[in-house]
Undergrad: 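I have a structure here, written as C-alpha cells, and I will follow up with some questions on it.
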Amino acid sequence: SERFFLFLYLFNCKMGARATAILTAAVALGRLGRSVADPPPGDWTLTFSEDFSGHLNSTIWTKGWSWYDGKGHPQPRVQTKASDTCFFADDNAYTEGGNLVLVNKREHSHGFNYTSGVINSIVYPPNSGRGFEQTYGYFEARIKPSPGQFNQGMCPAFWMPNVLNAGDNGDNEIDVMEIPGGERYGSGHTVYGTVHSRKGINGAYHGNISIPSFWSNDFHNFAVLWEPEKLTWFVDDKPFFTTTELVPVTAAYLVLDNEVGLGHLQGPANSWAGDPTNTPFPQTMLVDHVKVWSQTHVASPLPASLRESPSPGTERKEDVEGEGVKANTRRHREAGAMGVNTSLVTIPTGYFGGALSRSDEVIAGLARERMVVIEKWEGPCWLQCLANSSATPPLPCNPACAEETHQLDTIARIKAVNPNVSTVFYHQTLYDFPFYNLTAQMAAADLHMRDINGSVIGLINDNGMQYVPLFDWGKPAAIEMFLQFHRGLISTGLVDGMFPDKANERAFQRTSDGLYFICENPNGPPSKHTWADACAQITEPQATAYNAGKVKVLQGLHSLYDHGPLFPTMLDGVPDVVCSRREPCTLNLGTSVETKHAQIADALKTSTYVYFMMGDGNNDTVPQLGTKCTTLDVIKFLLILEEGCILGCNGHEPNPGQDSPPQTWWTNPLGNPLGPPSTDANGVATRKFGSGTVVTLNLKTNSGSIAWGTADSS
C-alpha cells in the first residue's frame, strides 16, 4: 500500500531569492512506475514521442543549453550557464541501449573543472520545423537519475523553459522533476516539482515528494499535467503536488540535464545541487523515453486571470458616487468589462492598431485614450507568419506565438496606468489565425472548415497571409471553444470589448453555377485575389450549418460582452459600435452640417457608439504618439458629435508634417453641446458647448476655428 503524509512549510527556491510555498509529501512507494507511457484518463492525442532507440534525433534535440531573449526570439545554443560549474560537452550526451545517456565528468574543459550532458528541444532557427514546443498537455519522462548516494553536486532534471524566458531567468518555467544533491534539499531522496515566475506575490511554487531510499535505484516516471487553470505533478502515476498559481500561458520546450554545481553562487553549504568536490565521477543519468500529449478538449486556452497576480494598478476600481466615473461610463457591467467613458468633459478619443513592441512612453499615451482596440499584430508572430506563409515551400507559423498573450500584455500595461480605459481585444470570426494559441486547440479537435474534397481550407487573407484556416461554425464544439476563449478573456478583468473582424462573412451560393463557397469577402474574393486564392467550395449542408453557426457565435458574443463595446457584428443589422470609413463614420459634412448631425443622432438611437476611425496603428513599426487628426478634423467632429461619439485619432501629440491640433486641445474643457449646430446665411456653421467653447466652420472655404472656454464642464 501507499501512504501519504502531507505537511506545509516555507522554503526558498533553488536560486535562494524567491519566496516559496511548498507542499511536501513523504511516501513509501510499493512498486516502481510502469515502463509504458500513458496519459491520465481522458481524451488525449500523442503529440511527441521519443524512445532514444537510435541515434539522437538532431531534428528534435539540440545539445547544450538554448534560450529565448525575453521577447520570444530563440537564440543559438551555448555550452555554459552562470548558475553552473560545468561545461556542456557534446560528447556527454548520446544514446546507448535504448536510452539517452547524460554523463557528468570531472575534467578540465573551457575553464571549467567539470563537464555535463544536456539536450533541449527549442525551435531554432525560428519556424524551421526543428525542435518541439507546446502549450498545455501531459509531459512525461521515464528517468533513472544519477546515483543518489553520490549525488552531492548533481541535479538530475527534466524541465520546461518558456518561450517568454529571458535566458535562464526562470520566468514561466516549469520544472517537471529535479532531484538536488544539496544536503538542505534532500541529498537525492527528494523530488521537486516547481513553477517559477519573476512576477506575482511569490516567485515560485514548489511541491516535493521524498522516499527513504534513493530515486536513482531504478527508473521512475516523472510527469506534469499542465492545464489552463492548474498544474499537477506526478511520480509513477501518483500526483504529489497541485497549484493554480503562476500557471504559464505560452509554449515551453523540453530540457533533460544533470547539471553540476547548480546554485553554486550561494556557496557549497547552501547550493541547490551541493558541493561536487568529494563526489566520485563519472555520474550517469539515463532516460528511457519522453512522451507528450495534448488534450482534445481544453476548457479554455486562456487563463482566467492571466495566471499571475495583476500588476500594481491593474485591479478593477469600483465606481464611487460623486467621482463621475459611473455616470460617464456607458453600460458599465458588474461582470468586470465596462463600457467607454463617452462624457464630453473633454474630447472623447480612441486608438485602433497594433505594434511589434511598445515603449513605456507609448503605453502612457495609450492610457490617455477613452478606448483602445489592440490589433492582431501586437507580437512578433504576425510578420513571421506572413513571411513563412509566403516562402517557397511555405513554412508553418511558430506554434509558440500565442498572439493573445501579446495583446493581453499590452492591455494589462495600459490598465496599470489607467484602469478606466475601455480596452478591446481584436479577434477574427472568419480566420483562425495560426499565430493564436487557440489555433492549436481548434486543429487538435478538427474544428477547422473543410472543402468538398475533405481537405482543411486555407485561404489567402486580405493582408497576404497564405493557407489561413477557417473556423467551422457548423460544429457546435467550435462555437463553444471560441466563446469559452472569450469567457476567459473577460474573466481576466482586463478585456472590456471585442472587435470581431469579418463578422459579416457568410457562406453563399454563386449565381453563375449554383455552387456554394466560403470566401474572404461576403460575395466572392476581393479584387486583388482570385476565387482559387480567397474562396473554397463547400457543400450546401456545410453552407447552411456554417451560416446558422455564425449567427450563434455573434449572439454569444453579444451576450458575453453585453454591448460594451462590441464592434460591428451586424447582428440583426444593428452593430453596437458603428465603425467604418463609410457613412456615417466619416467627417464628410457635405453641404449641410445639420443633416450630418441628424444622421449621427439617428445612429446613436440603435447603437451605443459611433467611432470615427481617422487611421489605425502601423503594424510594422512602433507606433508613435502623433495624432492622425488634423485641426479641421477636430472642428468637424465637434460640430456633429453627441455623447457616444469617439474620435479615433490614435494619439494626442503633434504630427510632423501635418496640421495637427495643439496638444492642449485634448485636455481643454468642452462640456455638453448647448444644442445642435446651426448654419447662417453666409455658410458659417456654429456650435456652442457648456464650458463656453465655441466652434465655427466656413463651409465655403472649408476653414474654421475653436475658441476654448474656461468653465469647468465636469
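Note that the structure is a prediction, hence the values are computed from the model and not measured. Throughout, numbering of the chain's residues begins at 1 and tracks the sequence.
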Undergrad: Evaluate the side-chain proximity of Tyr436 to Lys376: yes if any heavy-atom separation is below 4.5 Å, no if none is.
TA: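 With C-beta onward as the side chain, the pair touches.
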
Undergrad: Is there a side-chain contact between Leu560 and Leu483, using heavy atoms and a 4.5 Å cut-off?
TA: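 Sidechains of Leu483 and Leu560: in contact.
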
Undergrad: Drop me the distance from Phe240's CZ to Phe234's CZ, to the nearest 0.5 angstrom.
TA: 9.5 Å

Undergrad: Would you say Trp65 and Asp257 make side-chain contact, with heavy atoms under 4.5 Å?
TA: no

Undergrad: Does Met481 offer a backbone N or O that forms a donor-acceptor pair with the side chain of Gln441 under 3.5 Å?
TA: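 Checked: no pair found.
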
Undergrad: Excluding sequence neighbours, so at least two apart, what forms side-chain hydrogen bond (donor to acceptor under 3.5 Å, both in side chains) with Glu375?
TA: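 With neighbours one apart ignored, the set is empty.
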
Undergrad: Is the distance from the ring center of Phe158 to that of Phe139 below 6.0 Å?
TA: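 No, ring centres 6.0 Å or more apart.
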
Undergrad: Less than 4.5 Å apart, side chain to side chain, heavy atoms only: is that true for Trp61 and Ser121?
TA: yes

Undergrad: Would you name the heavy atoms of Val292 and Leu254 that are closest together and state the gap between them?
TA: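 Scanning both residues, the minimum pair turns out to be CG2-CD1, 4.4 Å.
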
Undergrad: What pair of heavy atoms forms the shortest contact from Phe132 to Tyr253, and how long is it?
TA: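 It is O-CB, 3.6 Å.
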
Undergrad: Of all heavy-atom pairs between His220 and Asp218, which one has the smallest distance, and what is that distance?
TA: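 Smallest interatomic distance, heavy atoms only, reads CD2-O, 3.2 Å.
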
Undergrad: So, using side-chain contact (heavy atoms from CB on, under 4.5 Å) as the criterion, who are the partners of Asp51 when residues are at least two apart?
TA: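 Asp51 satisfies side-chain contact (heavy atoms from CB on, under 4.5 Å) with Ser53 once adjacent residues are dropped.
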
Undergrad: Is the backbone N or O of Val78 less than 3.5 Å from a side-chain atom of Trp67, with the two atoms forming a donor-acceptor pair by type?
TA: no

Undergrad: So which atom in Glu227 and which in Val247 form the shortest heavy-atom distance, rounded to 0.1 Å?
TA: O-CG1, 3.4 Å

Undergrad: Measure the CZ-CD1 distance between Arg413 and Ile411 for me, rounded to the nearest 0.5 Å.
TA: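 The CZ atom of Arg413 sits 12.5 Å away from the CD1 atom of Ile411.
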
Undergrad: Are any non-hydrogen side-chain atoms of Val118 and Leu102 less than 4.5 angstrom apart?
TA: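 In short, these two side chains do not touch, never coming nearer than 4.5 Å.
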
Undergrad: To check you understand the geometry: which heavy-atom pair defines the closest contact between Phe52 and Asp288, and what is its length?
TA: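 Heavy-atom minimum between the residues: CD1-O, 3.8 Å.
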
Undergrad: Sequence neighbours excluded, which residues qualify as side-chain hydrogen bond (donor to acceptor under 3.5 Å, both in side chains) partners of His486?
TA: His427, Tyr561

Undergrad: Does the Trp226 side chain pair with the main chain of Pro248, one donor and one acceptor, at a distance under 3.5 Å?
TA: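 It does hold such a pair.
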
Undergrad: Would you please test Tyr431 and Met465 for side chain to side chain contact (heavy atoms under 4.5 Å, CB included) and show each step?
TA: CA-CA 11 Å; Tyr431 288 123; Met465 181 177 290; over 6 Å; no

Undergrad: Give the minimum heavy-atom separation between Asn162 and Tyr68, together with the two atoms involved.
TA: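 In this case the closest contact between Asn162 and Tyr68 is O-CD1, 4.2 Å.
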
Undergrad: Is it true that the side chains of Gln134 and Thr47 contain a donor and an acceptor less than 3.5 Å apart?
TA: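 Present: a donor and an acceptor within the cut-off.
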
Undergrad: Sequence neighbours excluded, which residues qualify as side-chain contact (heavy atoms from CB on, under 4.5 Å) partners of Lys63?
TA: Leu56, Arg77, Asp90, Ala93, Ile119

Undergrad: Kindly indicate, with the supporting measurements, whether the criterion side chain to side chain contact (heavy atoms under 4.5 Å, CB included) is fulfilled by Met285 and Ile143.
TA: CA-CA 7 Å; Met285 166 178 159; Ile143 298 172; 3.9 Å; yes

Undergrad: Would you say the side chain of Phe435 lies within less than 4.5 Å of the side chain of Leu386, judging by non-hydrogen atoms?
TA: no

Undergrad: Stepwise, does the side chain to side chain contact (heavy atoms under 4.5 Å, CB included) test hold for Thr232 with Tyr138?
TA: CA-CA 9 Å; Thr232 304; Tyr138 189 74; over 6 Å; no

Undergrad: If I take atom CG from residue Leu447 and atom CD1 from residue Ile479, how far apart are they, to the nearest 0.5 angstrom?
TA: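 Interatomic distance, Leu447 CG to Ile479 CD1, rounded to 0.5 Å: 10.0 Å.
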
Undergrad: NE2/His289 to CG/Leu100 distance, rounded to the nearest 0.5 angstrom?
TA: 12.5 Å

Undergrad: Can a side-chain donor-acceptor contact be found between Glu403 and Tyr426 if the only test is distance below 3.5 angstrom?
TA: no

Undergrad: Quick one: sort the Phe471 and His448 rings into parallel, tilted or perpendicular, breaks at 30° and 60°.
TA: tilted

Undergrad: Please determine if Arg358 and Asp409 form a salt bridge, counting it only when a charged side-chain N lies under 4.0 Å from a carboxylate O.
TA: no

Undergrad: Would you please name every residue forming a side-chain contact (heavy atoms from CB on, under 4.5 Å) with Thr284, sequence neighbours left out?
TA: Val101, Val103, Leu286

Undergrad: First locate atom NE2 of His196, then atom CG of Asp175, and finally report the distance between them rounded to the nearest 0.5 Å.
TA: 4.0 Å

Undergrad: Do Thr244 and Lys230 have a side chain donor and acceptor closer than 3.5 Å?
TA: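 Absent: no donor and acceptor within the cut-off.
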
Undergrad: Mark yes or no for whether Thr95, through its side chain, and Gly54, through its backbone, hold a donor-acceptor pair below 3.5 Å.
TA: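 Yes; at least one donor-acceptor contact below 3.5 Å.
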
Undergrad: What residues, two or more places apart in sequence or in another chain, satisfy side-chain contact (heavy atoms from CB on, under 4.5 Å) together with Asn104?
TA: Ser116, Met154, Asn258, Val260, Phe281, Gln283

Undergrad: Would Ile174 and Trp159 satisfy side chain to side chain contact (heavy atoms under 4.5 Å, CB included), going step by step from the backbone distance to the final call?
TA: CA-CA 6 Å; Ile174 300 173; Trp159 53 294; over 6 Å; no

Undergrad: Hey, what do you get for CG (Asp432) to CE (Met449), rounding to the nearest 0.5 Å?
TA: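 If we round to the nearest 0.5 Å, Asp432:CG and Met449:CE are 13.5 Å apart.
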
Undergrad: Looking at side-chain heavy atoms only, is the closest gap between Glu50 and Val287 below 4.5 Å?
TA: no

Undergrad: With a 4.5 Å limit on heavy-atom distance, are the side chains of Lys415 and Asp496 in contact?
TA: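 Yes; the side chains approach each other to less than 4.5 Å.
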
